[in-house]
Protein chains: 2
Amino acid sequence: MEELDERKVKILNAIIQNYLETGEPVGSRTISKSSDLNLSSATIRNEMSDLEELGYIVQPHTSAGRIPSDKGYRFYVDHLIAEKDEEISDIKDLMIEKTEKMEKMLKQVVKVLANNTQYATMISAPAITGTKVKFVQLSQVNEHQILSVVMMSGNIVKNKLIDVEEPLNSENMLKLNMLLNTNLNGLTVSDINLTLISRMKAQAGEFEDIIEQVLQTLAETIVDEEDTEIYTSGATNIFKYPELADTQKASEFISAFEEKEELRNLIADIETEGEEKGTGIQVYIGDESPIQTMKDCSVVTATYELGDGVKGTIGIIGPKRMDYKNVMDNLSHLKKQLDQMLKNNEE
Amino acid sequence: MEELDERKVKILNAIIQNYLETGEPVGSRTISKSSDLNLSSATIRNEMSDLEELGYIVQPHTSAGRIPSDKGYRFYVDHLIAEKDEEISDIKDLMIEKTEKMEKMLKQVVKVLANNTQYATMISAPAITGTKVKFVQLSQVNEHQILSVVMMSGNIVKNKLIDVEEPLNSENMLKLNMLLNTNLNGLTVSDINLTLISRMKAQAGEFEDIIEQVLQTLAETIVDEEDTEIYTSGATNIFKYPELADTQKASEFISAFEEKEELRNLIADIETEGEEKGTGIQVYIGDESPIQTMKDCSVVTATYELGDGVKGTIGIIGPKRMDYKNVMDNLSHLKKQLDQMLKNNEE
DNA sequence: GTTAGCACTCATAAAAAAAGAGTGCTAATA
DNA sequence: TATTAGCACTCTTTTTTTATGAGTGCTAAC
């Protein structure tokens with residue numbers, strides 16, 4: 001808070017608060033009346049002039065009030081957000097209605113979050129990389145097809161049909177299953193290297209083709225998951241914020257949410273970066289966001305964790321004048337819940 | 001064509017053609033110049049006046065040109081669309097890039113279709129109801145968990161973890177698997193009635209709990225699929241058509257695509273209804289569509305089929321002035337491809 | 001240091017004017 | 001009788017003009 005004395009901070013805060021609510025540039029008179037420091041509009045004007053010079057606020061045009069700059073928002077997020085922990089409606093009750101399946105749960109989570117915050121939301125499914133093979137099973141479906149079932153930690157199950165020339169007898173099948181399980185069990189996918197592969201093939205003898213295919217399935221599983229599944233909700237909330245609602249911008253924004261490609265990049269970027277003062281939450285204001293389409297927005301994200309270093313990201317995207325406090329609280333609350341839920345599920 | 005003589009038909013056609021392109025009301029002068037029947041604008045005006053009286057076209061306001069009414073579009077779709085089969089880029093090549101998984105394929109299909117047509121598109125995954133159980137397999141994952149894998153016709157695989165007090169020995173496991181397969185194989189889910197259930201439980205003896213759970217999984221599978229998965233693409237194409245692009249409408253439209261609830265109803269409605277002169281294609285113009293949000297749109301759908309009466313629906317939603325010809329051609333082409341692909345996959 | 005006062009700026013809203021597209025009707029024409 | 005040219009009239013759309021008003025910066029007084 002070097003360059004700002006207490007009064008300036010108060011005024012800046014008042015400006016931002018007001019702007020968050022209204023979305024309109026705020027003038028000196030408004031502040032003069034609303035804030036508790038009894039100062040005339042003229043005095044405020046002088047201070048505002050200073051604040052502008054320091055880069056915390058800007059004027060859209062000569063005779064308009066001021067709006068926060070990215071730097072202003074940044075200051076707000078870093079220093080001005082009150083610490084009190086508001087009551088947040090427990091999402092747990094809403095979402096656990098027999099949602100056995102991860103996918104359904106995640107879909108519900110983003111939806112609830114979008115409803116709670118009235119912004120656009122996204123969540124990435126926990127990435128499979130680093131998870132371990134828990135269980136492999138081949139079964140003969142009919143004469144020419146074998147079904148391979150692979151279960152990874154986190155109870156993620158992958159199936160694949162493998163075509164074969166002729167059926168395996170049950171003895172061979174048993175052998176193969178043994179072979180696969182003893183060799184693969186507990187390994188992460190990156191552990192499966194060439195040495196291991198050739199050893200397994202050697203052991204499999206005439207059935208090396210099948211091994212080949214199972215391993216390939218595993219590899220594909222990874223590739224599959226490399227472009228992580230992302231679930232979104234509330235993209236149309238953007239229309240609630242006039243500064244983002246013109247057709248041009250809205251179209252791009254919503255397209256980005258439909259395509260999900262950019263979101264994927266965003267998440268990739270985020271997962272490598274730091275976080276906001278130890279809360280596990282990251283805030284990107286305007287240009288700070290790595291993704292161009294969102295330069296008029298702010299992005300707030302949290303990372304949730306399964307056991308084995310498996311991570312997913314949950315994020316909210318809205319106008320710069322977003323209710324940071326509420327959003328951050330919601331996210332950190334949700335993060336905790338997810339962490340906990342997934343851990344339970346893991347056992 | 002009772003009430004319309006040849007010339008009126010020609011004029012109506014010209015009006016619609018023109019409106020499809022421009023989206024602007026078309027005046028008598030335009031028609032007079034563009035069409036091949038050499039008539040003055042005055043004559044056209046008289047004819048247009050008649051056409052309006054008959055309800056095929058309307059005037060947005062007194063001194064504007066005419067635009068087609070729903071009745072006009074309907075006439076166009078029923079009688080005026082040329083029959084020639086234009087070349088349509090083969091979607092097959094684009095989509096079969098090792099898309100083993102139905103889901104991915106469907107996602108790609110809607111995307112390609114949206115790209116080809118520049119409208120919003122949707123596709124419903126083939127409903128599982130009526131498919132048959134092909135294969136069931138239980139396997140011991142660890143001491144307290146059994147994985148049940150059920151494969152249905154169409155190669156749809158469902159997994160479920162079942163908790164057990166203590167592990168089954170391999171002999172019992174084998175027995176249970178036998179039991180399940182012999183009893184369930186080839187049955188549709190609706191075939192599984194109480195008689196069968198109690199018989200199976202009796203046979204299972206002390207393991208009736210497990211049978212119970214497997215069957216429950218099957219039941220849940222159905223419920224899961226009852227609200228069919230729907231994939232969409234190109235919702236933002238709506239912004240390309242000014243008559244639909246105002247924030248209000250666009251927001252509703254895109255929300256409907258995000259929620260998918262209304263689309264689901266739409267599809268449910270459609271699957272019970274008739275089709276356009278034996279092409280397997282249905283066209284809903286404006287109010288003809290059962291869903292309110294789309295009353296300013298037209299909806300064109302096709303139903304594709306897997307073997308056993310398992311159906312899915314693919315649809316295009318766009319402005320009333322949609323390029324019906326192109327859309328219908330695209331759909332019927334795609335329908336054929338899907339039918340074929342899925343049949344291959346089925347074997 | 002603070003404030004009242006005032007001239008000035010500039011976006012926005014409202015009002016007025018102009019332009020244009022298209023019609024309906026009438027009377028002339030083939 | 002069917003077609004067409006011509007013209008007045010209607011409405012929307014666009015452009016121009018004219019307020020309106022919020023908000024500033026600066027100066028001078030407190």
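Naming convention: chains lettered A, B, ... in sequence-line order (proteins, then strands); numbering from 1 in each chain.
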Short question: side chain of B/Lys71, backbone of B/Gly55 - any donor-acceptor pair under 3.5 Å? no

Is there a donor in the side chain of A/Lys10 and an acceptor in the side chain of A/Asn13, or the other way round, less than 3.5 Å apart? no

Measure from CD1 on B/Ile67 to P on C/dG22 and round the result to the nearest Å. 14 Å

Tell me whether the NZ or CZ atom of B/Lys320 lies within the 45° cone about the ring axis of B/Tyr73 and under 6.0 Å from its centre. no

Round to a whole Å and report the spacing from CD of B/Glu47 to C1' of D/dT1. 14 Å

Nearest-Å distance for atom pair CD1/P, residues A/Ile44 and C/dG1: 16 Å

Atom pair distance, as rounded to whole Å: NE2 in B/His61 and C1' in C/dA21: 8 Å

How does protein contact run along nucleotides 23-30 of chain D, one letter per nucleotide 5' to 3', with B for base contact, S for sugar-phosphate only, - for none, heavy atoms under 4.0 Å? SBBB----

Tell me: CD of A/Glu24 to P of C/dA11, nearest whole Å? 15 Å

Could you go through the side chain to side chain donor-acceptor pair (under 3.5 Å) check for B/Ser255 and A/Thr236 one step at a time? CA-CA 6 Å; B/Ser255 282; A/Thr236 44; 2.9 Å; yes

Expressed in angstrom and rounded to an integer, what is the separation of B/Arg7 atom CZ from D/dT4 atom P? 8 Å

Side chains of A/Thr293 and A/Glu252: do they bring a donor and an acceptor to under 3.5 Å? no

May I ask you to evaluate whether A/Ser40 reaches the phosphate of C/dT2, defined as a side-chain N or O under 4.0 Å from OP1 or OP2? no

Quickly work out the A/Leu37 CG to C/dG1 P distance and round it to whole Å. 17 Å

A/Asp50 CG to C/dT2 P: how many Å, rounded? 11 Å

Within the 3.5 Å criterion, strictly below it, is a donor on B/Ser41 or B/Arg29 matched to an acceptor on the partner's side chain? no

